[in-house]
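Scroll down for the structure; my scribbles are underneath it.
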Amino acid sequence: MKGRFVQAVAAVLLTLLLAGCWSSAPIEDVNMEVGVALDAAEETPIEEKFAAGGGDYTKRSKLSCTYQFIVPQGSVGSKKEGAASRNYYNMTESGDSVFESVRELALRTNRPPIGHHLKVIIIGEKLARSVQLSELIDFFSRDNDIRPSVLILVSKGEAKDVLNNALPGQTPAFVMEGLFANRNRNLRIWEPLSIAKAVGPLHGRTSFLVQNVIAAENEMKFAGAGVIKGETGMLAGFLDESELEGVIWLTGQDRGGVLKTYEAEGGGRLITYEVKSINSVIESRVVGDEISFHVRIKSTGRYAETFDTDGEPLNSSFMKQDEQSLQKQVEAKVKAALAALQQKLQADAAGFGKSLQIQHPEVWRKVKDHWDVVFSRVPVTVEVTLTIEEYGASGTSSE
Amino acid sequence: MASKTQDRITTSQAVFILVNYVLVASVFTLPRVAAQKAGTPDIWLSIICGGLLFTIPAFLIACLCRKFPGETFFQFAPKIMGKPLALAAGTLVCLYFVCYAAFELRSVQEVTVFFLLEGTPTWAVAALFLWVALYLCRGGINALSRMCRLITPLAWTIFFGVCLLSLKVFDLDNLRPVLSEGIAPVLRGIGATPLSFTSGEALLFLVAFMDKPKQAGRVAVLGTIITIPFYVTSAVLTIGAFSVEGVVTRTWPFIDLIRSFEVAFLFERFESLLLAIWTMQIFSTFCIALYGAALGFSQMTGLKLNHCLFALLPLVYLITEAPRTINNVFAFGHFIGDWAVLMFGGLSLPLLFLAAFRRRKKA
């Protein structure tokens, strides 16, 4: 009898556990942050009106944080047609602390912002040039909800403009994240830089590249890359699309894209080549105290367009000629990229230092403290081997 | 009591118990601690060396215990060092087990409350752990062994599965150059490994339950070596993803590694899965340590095992909550590592000699 009683009490008590999760929050009741734009401080008209009404607190105006929240599909109600119904909403707060600004939002919205689904952080040029990147991402890399997989981008211009622009029905933050998937289609996209990948170079004070994204009218575009200099930890300048392409040929990740050139001899015929693979090796050479680099780039691909109006057969000598024109084009792009990195920016963001460190660790130890300065003066030679493997479904063979 | 010591486990069961005992929360932090000490990417070498090094005291302890088949350290210690000394040594060992269990519980608390169950009070995590552990330990060594065998396939599959997925963010260049500054950083890195690899102390009572105590040495060596791949994998992958400079800035590098990628496959995020199974893994360590402590006290004082288990629970909880800040927690862990090295590394050889000497005198 007593056993029965104990069992009954235990069963009743155990039902308490069925009440479910301790700290659950229904998804309609939270504001999911998907993107954050950080800009040099500039209060929005809304904030100015709030401040006039007493909504102000002690702060040094340093940065403006724009948070992009997604509006859950169900809560919009009857969905309006066309571009008017946006499935995201942006809110801006200015201040000096990222954390304080996100908590300041708790005074403006009843749905607490949560960071579990944050995808991108975009930093405006003006802010990135004046504040260390490690300071700006400090909060994001420390928080327990925000993941180290969040991507970092810079924007030449105002970062918050980028968060305003997307094709109808799309959310800007997701578009930016998705653009990185196009790296097999276009060579002008730098590898995605997550917080996880940024903490190492920031702490080790080495230079690196960050994808640049710009806004115009109501669209956005990936446009080259920003260079974060190791020594300062701040944005030092930008590489344009074509310079970035040169760096990508240099670093040679297995990528796909377009290479276009004009025939060197003859009528300046246009040739486009679809890159199927790039493989490049940076070799460091040390003679005495002199450091130099030799980069071997190998690529395979196919004709995309030959503009061969005369109907010349695509025999091997013809293809050889085109290969040479294309190789020259790659060399020129790489040279331009190197000029930008060495002379204009004096920052090694293409991994030359790493190859010296791996191949000549004892030399690296001597120069690592002022590597960017040393790098700006080292000679780099480039050797490109390009193979046109095929010409697709159209074209004739040599005979 | 008597019936409990008649429980027998086979050699392979003993190996599994030992492996589960050695795999602990330090998988999460070892890459950072080792990288801070070494300063080069060679910490995976330090971990291999550390693991191999710690099989030596474990093997010596196994040799010692083998000489007294069917008896735990707490039972045979008086025979080699006399009653008062044995009581002191036994108490130290038991206290070590209690502190070790408390430290593991605290690590679980820190990690789950921060990453997994924000908002859940820490006592709730601890209470669940303590009461379930108590229930399990009452079942004796066979219950422990069965739980270890249950956890092992699950934990190993998920651990290595998640590790494979993390290759997405892996960059081999971060591990190069190998041995760029010679062997010195590797040796410095070994200093970070004691907390991860101490295994000998579990053998002090484990061997007594083995049906073939002659194979205790094999258990010691296998049990320690099997765990090396886990720690090496966690170190190699975190350095590969974050680089040495990055790893030292991460409080829980291995968890951050799993948080650094999203996979469009089934779960998308895997840290909850990993934390869930690793909590079980730590739970098994916790139970084994708690059982060891309770067994020690019960054999030294003659009290019932169950009573000792109940008496130890509040003590474990108090020690768990004693460190106030996260730095205190890490310092506590470091202290336990040093304690283990001193007690089990330093004392095993003299005890072995002493035992051999006493034996000969008797004969």
Side-chain angles (χ1 to χ4, degrees), chain A residues 17 21-25 112 114-119 134 137-138 140-151 177-178 181 191-206 208 230 251 253 281-282 284 351-365 368, chain B residues 35 39-42 110-122 124-125 128 166 168-182 237-253 255-264 268-272 275:
Chain A
L17 294 177
C21 247
W22 202 292
S23 39
S24 62
I114 57 154
H116 293 99
H117 294 273
L118 187 62
K119 301 290 183 205
S134 51
I137 65 164
D138 190 7
F140 302 105
S141 68
R142 207 181 289 277
D143 193 74
N144 56 346
D145 292 344
I146 295 165
R147 300 161 60 83
S149 60
V150 175
L151 303 178
E177 194 200 15
E191 57 193 272
L193 177 83
S194 59
I195 292 179
K197 290 290 177 191
V199 287
L202 281 175
H203 187 241
R205 298 206 162 275
T206 46
F208 58 98
T251 49
Q253 306 119 327
V281 179
I282 300 177
S284 60
F352 285 95
K354 190 73 205 177
S355 88
L356 182 68
Q357 186 191 359
I358 290 170
Q359 291 162 26
H360 298 278
E362 68 294 340
V363 181
W364 168 251
R365 268 203 295 283
K368 68 176 176 188
Chain B
T40 64
D42 305 321
E110 294 290 342
V111 171
T112 49
V113 170
F114 187 66
F115 288 112
L116 206 56
L117 307 167
E118 196 182 5
T120 304
T122 51
V125 177
L128 233 103
S166 83
K168 209 176 161 184
V169 287
F170 182 76
D171 181 3
L172 188 65
D173 277 351
N174 284 334
L175 285 160
R176 298 164 74 194
V178 177
L179 290 179
S180 63
E181 290 177 36
L237 292 176
T238 40
I239 298 272
F242 294 111
S243 81
V244 180
E245 286 85 10
V247 162
V248 296
T249 68
R250 309 277 86 201
T251 314
W252 310 97
I255 302 177
D256 269 1
L257 168 75
I258 309 304
R259 293 166 79 222
S260 303
F261 60 89
E262 287 178 10
V263 185
E268 187 176 276
R269 315 179 158 190
F270 287 84
E271 67 267 20
S272 348
L275 282 176

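Remember, it's a predicted structure, so these values are computed and weren't measured experimentally. So that the names make sense, note that chain A is the first sequence line, chain B the second, and so on, each numbered from 1.
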Best-contacting candidate, B:Gly119, B:Ser260, B:Gly246, against chain A by heavy atom pairs under 4.5 angstrom
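Counting heavy-atom pairs under 4.5 Å, the top option is B:Ser260.
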Of the listed residues (B:Ser243, B:Pro121, B:Ala124), which shares the most heavy-atom pairs with chain A below a 4.5 Å separation?
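Of B:Ser243, B:Pro121, B:Ala124, B:Pro121 has the most heavy-atom pairs under 4.5 Å with chain A.
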Hey, could you give me the CH2/CG distance between A:Trp364 and A:Leu356, rounded to the nearest 0.5 Å?
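Nearest 0.5 Å value for the CH2-CG distance: 6.5 Å.
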Search all heavy atoms of A:Asn144 against all heavy atoms of B:Arg259 and return the closest pair with its distance.
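The pair with the smallest heavy-atom distance is O-NH2, 2.8 Å.
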Nearest atoms (heavy-atom pairs only) where B:Ser166 meets B:Leu237
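Answer, listing the atom of B:Ser166 first, then B:Leu237: OG-CD1, 3.5 Å.
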Pick one of side chain, backbone, both or neither for [X], based on which atoms fall under 4.5 Å of a heavy atom in chain B.
X	result
A:Ile146	backbone
A:His360	neither
A:Ser141	both
A:Arg205	neither

Under the rule for side chain to side chain contact (heavy atoms under 4.5 Å, CB included), what residues qualify as partners of A:Thr251, not counting sequence neighbours?
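By the side chain to side chain contact (heavy atoms under 4.5 Å, CB included) rule, A:Thr251 matches A:Trp190, A:Val247, A:Gln253, A:Ala350.
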Side chain, backbone, both or neither of [X] within contact of chain A (heavy atoms, under 4.5 Å):
X	answer
B:Leu116	neither
B:Phe261	backbone
B:Val248	side chain
B:Thr249	side chain

Give the C-alpha distance, both sets of side-chain angles, the deciding distance and a yes or no for side-chain contact (heavy atoms from CB on, under 4.5 Å) between B:Val178 and B:Asp42.
CA-CA 6 Å; B:Val178 177; B:Asp42 305 321; 4.0 Å; yes
Listed partners of A:Arg147 passing salt bridge (charged side-chain N to carboxylate O under 4.0 Å, His left out), at least two apart
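If we apply the salt bridge (charged side-chain N to carboxylate O under 4.0 Å, His left out) test to A:Arg147, skipping adjacent residues, the hits are B:Glu262, B:Glu271.
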Between A:Gln359 and A:Ser284, a side-chain donor and acceptor under 3.5 Å
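Present: a donor and an acceptor within the cut-off.
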Report the option among A:Arg142, A:Glu362, A:His116 that has the most heavy-atom pairs separated by less than 4.5 Å from atoms of chain B.
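If we count pairs closer than 4.5 Å to chain B, A:His116 comes out on top.
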Max heavy-atom pair count under 4.5 Å with chain B, selected residue of A:Gly204, A:Pro148, A:Gly200
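The answer is A:Pro148.
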salt_bridge(A:Lys354, B:Asp173) N-O dist < 4.0 Å:
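Salt bridge flag = no for B:Asp173 with A:Lys354.
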